[in-house]
Amino acid sequence: MEIFRVRIISFIFLLILTETLCSNAFGGSMKNEEDLKEGQNDIVNSISNYGEMKEDEWEMVQKRGNQFVVNEQPFYVNGFNTYWLMVFAADESTKGKVTDVFKQASSMGLTVCRTWAFNDGQWRALQKSPSVYDENVFKALDFVVSEAKKYKIRLILSLSNNWEAYGGKAQYVKWGKEAGLHNLTSDDDFFSHPTLRTYYKAHVKTVLNRVNTFTNITYKEDPTIFAWELMNEPRCNSDPSGDKLQDWIQEMAFHVKKIDPKHLVEVGLEGFYGPSTPQRVQFNPNTYAQQVGTDFIRNHLVLGIDFASVHMYADSWISQQISDTHIPFVKSWMEAHIEDAEKHLNMPVLLTEFGVSSKDPGYNSSYRDTLISTVYNTILNSTRKGGSGAGSLLWQVFPDGTDNMDDGYGIVFSKFTSTSSIVSLQSNRMKLFNSLCSSKCNWSCKKKNVLEKTLYHDEL
């Protein structure tokens, strides 16, 4: 009922807004009034139809050029991260928080969630040892996928971690040593040692072929899954040339696509520029960024990679002290990657993580709202031109009662009304555009004037 009320309110405000545009923005011209009236009716009908999506219309997200599409309609994203969903779903005492976060996100109009489909060898491990799984934890992941579908939220499922949290490449190396591979000297051997590659590929195969115990749908056939992510923030510091990581991406992208040609695949990169594009390293936040073995353009040119991923943490990369100088970096960082996705990659780009920590010196909620608004407006500047900026995912969203999990970046919508308003506004803008134009239309459709004024109206 709550979601239904939000839709009704959205329809009412759109009626009011387009009438205002009719009378004020166009000087009362009868022809323009009639055009806008027709556009107003189309807006209401389109969003109504979009909101009342039938079960058989819940189809795979696809890529057409530099856009995501569903049912031939654009699919621009306003989304979020909540990495711990599977772990919480594995315990009856916390399982309800999974439903809570999807319910809350849905009420805000968020349509994509990025979360972990891995937990290697640690507390509540999904994969207890290579190819040995805890069925109860797998059922917890099944529950996450089924709840996401219930609330019409699609999932980006990450398959491993660069960092030690939840196991990651360090756990794979540990498993290798336990199996007698004494020539392992670095966690980066994860990317190159054939046995460790075999471990990872077996995990991928198991997850993609999993039959959901709640829906009876195989993961690789489920449209609820937006995309597979090869790894969260892969880095290979031992090889600044980038060759070792590039070879791993090529092999694993092919492996995923061979098992599951239907879903989209992305690498999980932070977006640092590397040796193949020395003219772009100026956009990196620091000189260290070009020494971590990643290479934004080269890595995304791999066959089987469907869209680009970028992260953005000015407070981690530039300085922890909050500063107004961070905002220009946010804008230039995003614009550089959107431009590259258009000119060199011909694919969409998602800002799959961004945020600011409340633990930073000088932090205040007003700064966070400014940062989020800058991200959203940069996406809109691309969207309005039919560009590659396909959306963004906040890091990270929490339901009420999970304060103990907050790393400083957590947002509980019920506690931060100004932030909630900004997020909801962006969701409405994305939904409006997605509902009105076909994938072939971009911004050349006859509703362009109505859309431009509506999407940039701060009181949407």
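Start at 1 with the first residue, then count along the sequence. Not measured: the values here are computed from a predicted model.
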Starting from the C-alpha separation in whole Å, work towards a yes-or-no answer on side-chain contact (heavy atoms from CB on, under 4.5 Å) for Lys97 and Val101.
CA-CA 6 Å; Lys97 296 300 180 184; Val101 76; over 6 Å; no

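- A salt bridge links Asp142 with Arg210: at least one charged nitrogen is closer than 4.0 Å to a carboxylate oxygen.
- Remark: aromatic rings of Trp248 and Tyr200 are close, center separation under 6.0 Å.
- Heavy atoms from other residues, nucleotides or ligands lying under 6.0 Å from CD of Glu164 number 12 at most.
- A donor-acceptor pair is defined here as one N or O able to donate and one able to accept, closer than 3.5 Å; such a pair exists between the side chain of Ser107 and the backbone of Gln104.
- In this structure, Arg235 fails the cation-pi test against Phe272, since its NZ or CZ atom is not both closer than 6.0 Å to the six-membered ring centre and inside 45 degrees of the ring normal.
- Side-chain atoms of Ser373 never come within 3.5 Å of backbone atoms of Thr370 as a donor-acceptor pair (strictly under, hydrogens ignored).
- Between the Arg124 side chain and the Val87 main chain, a donor and an acceptor come within less than 3.5 Å of each other.
- Of the N and O atoms on the side chains of Lys169 and Asn161, not one donor lies less than 3.5 Å from an acceptor on the other residue.
- Remark: aromatic rings of Phe398 and Phe413 are distant, center separation not under 6.0 Å.
- At distances below 3.5 Å, not a single donor-acceptor pair connects side-chain atoms of Asp120 with backbone N or O atoms of Gln127.
- Applying the side chain to side chain donor-acceptor pair (under 3.5 Å) test to Thr218 and every residue at least two apart in sequence or in another chain returns nothing.
- Using modelled atom types, one finds no donor on one side chain facing an acceptor on the other under 3.5 Å when comparing Ser158 with Asn232.
- Using modelled atom types, one side-chain atom of Ser427 and one backbone atom of Met108 make a donor-acceptor pair closer than 3.5 Å.
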Please test Phe296 against Thr277 for side-chain contact (heavy atoms from CB on, under 4.5 Å), starting from the C-alpha separation and ending with a verdict.
CA-CA 9 Å; Phe296 176 73; Thr277 52; over 6 Å; no

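- With no hydrogens or angles considered, a side-chain donor-acceptor pair links Trp395 and Asp407 at under 3.5 Å.
- Here the side chain of Asn346 pairs no donor or acceptor atom with the backbone of Glu342 at under 3.5 angstrom.
- Here the two rings, on Tyr313 and Phe354, have centers that are 6.0 Å apart or farther.
- Taking the ring centre of Phe68 as origin, the terminal cationic atom of Lys63 falls outside the region bounded by 6.0 Å and 45° from the ring axis.
- Legend: salt bridge (charged side-chain N to carboxylate O under 4.0 Å, His left out) pairs involving residues 305-326, not counting sequence neighbours, sorted by first then second residue: Lys257-Asp306.
- Ring centers of Trp317 and Tyr288: at least 6.0 Å apart, outside the cut-off.
- For Tyr273 and His337, the ring centers sit closer than 6.0 Å to each other.
- A salt bridge between Asp188 and Lys244 is absent, with no side-chain N of the basic residue lying under 4.0 Å from a carboxylate O of the acidic one.
- Residues forming a side chain to side chain donor-acceptor pair (under 3.5 Å) with Thr195 (at least two apart in sequence, or on another chain): none.
- Annotation: side chain of Val292 is not in contact with side chain of Pro240 (no heavy-atom distance under 4.5 Å).
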Report the C-alpha separation of Ile153 and Val112 in whole Å, then their side-chain angles, then the decisive distance to 0.1 Å, and conclude whether the side-chain contact (heavy atoms from CB on, under 4.5 Å) test is met.
CA-CA 5 Å; Ile153 291 174; Val112 173; 5.7 Å; no

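- Side chain to side chain, Thr224 and Trp58 meet the donor-acceptor criterion of an N or O pair below 3.5 Å.
- With 3.5 Å as the limit, one finds a donor-acceptor pair spanning the side chains of Asn299 and Gln246.
- When all heavy atoms are compared, the tightest approach of Leu350 to Phe307 is CD1-CE1, 3.8 Å.
- Judged by distance alone, the side chain of Asp91 and the main-chain N or O of Phe88 form no donor-acceptor pair under 3.5 Å.
- Among residues two or more places apart in sequence or in another chain, the side chain to side chain donor-acceptor pair (under 3.5 Å) test is passed with Gln62 by Arg64.
- Each salt bridge (charged side-chain N to carboxylate O under 4.0 Å, His left out) pair with one or both residues in residues 281-305, not counting sequence neighbours, appears once here: Asp243-Arg298.
- A centroid separation of 6.0 Å or more is found between the aromatic rings of Tyr166 and Trp84.
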Checking side-chain contact (heavy atoms from CB on, under 4.5 Å) for the pair Phe102/Cys113: CA distance, chi angles, key distance, verdict?
CA-CA 9 Å; Phe102 283 142; Cys113 172; 4.2 Å; yes

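- Counting only residues at least two apart or on different chains, the salt bridge (charged side-chain N to carboxylate O under 4.0 Å, His left out) pairs with a member in residues 191-206 are Arg197-Asp247, Arg197-Glu251, Lys201-Glu251.
- A ring-centre distance under 6.0 Å is not found for His203 and Tyr199.
- Between Glu147 and Lys103 there is no salt bridge, since no side-chain nitrogen of the basic residue lies less than 4.0 Å from a carboxylate oxygen of the acidic one.
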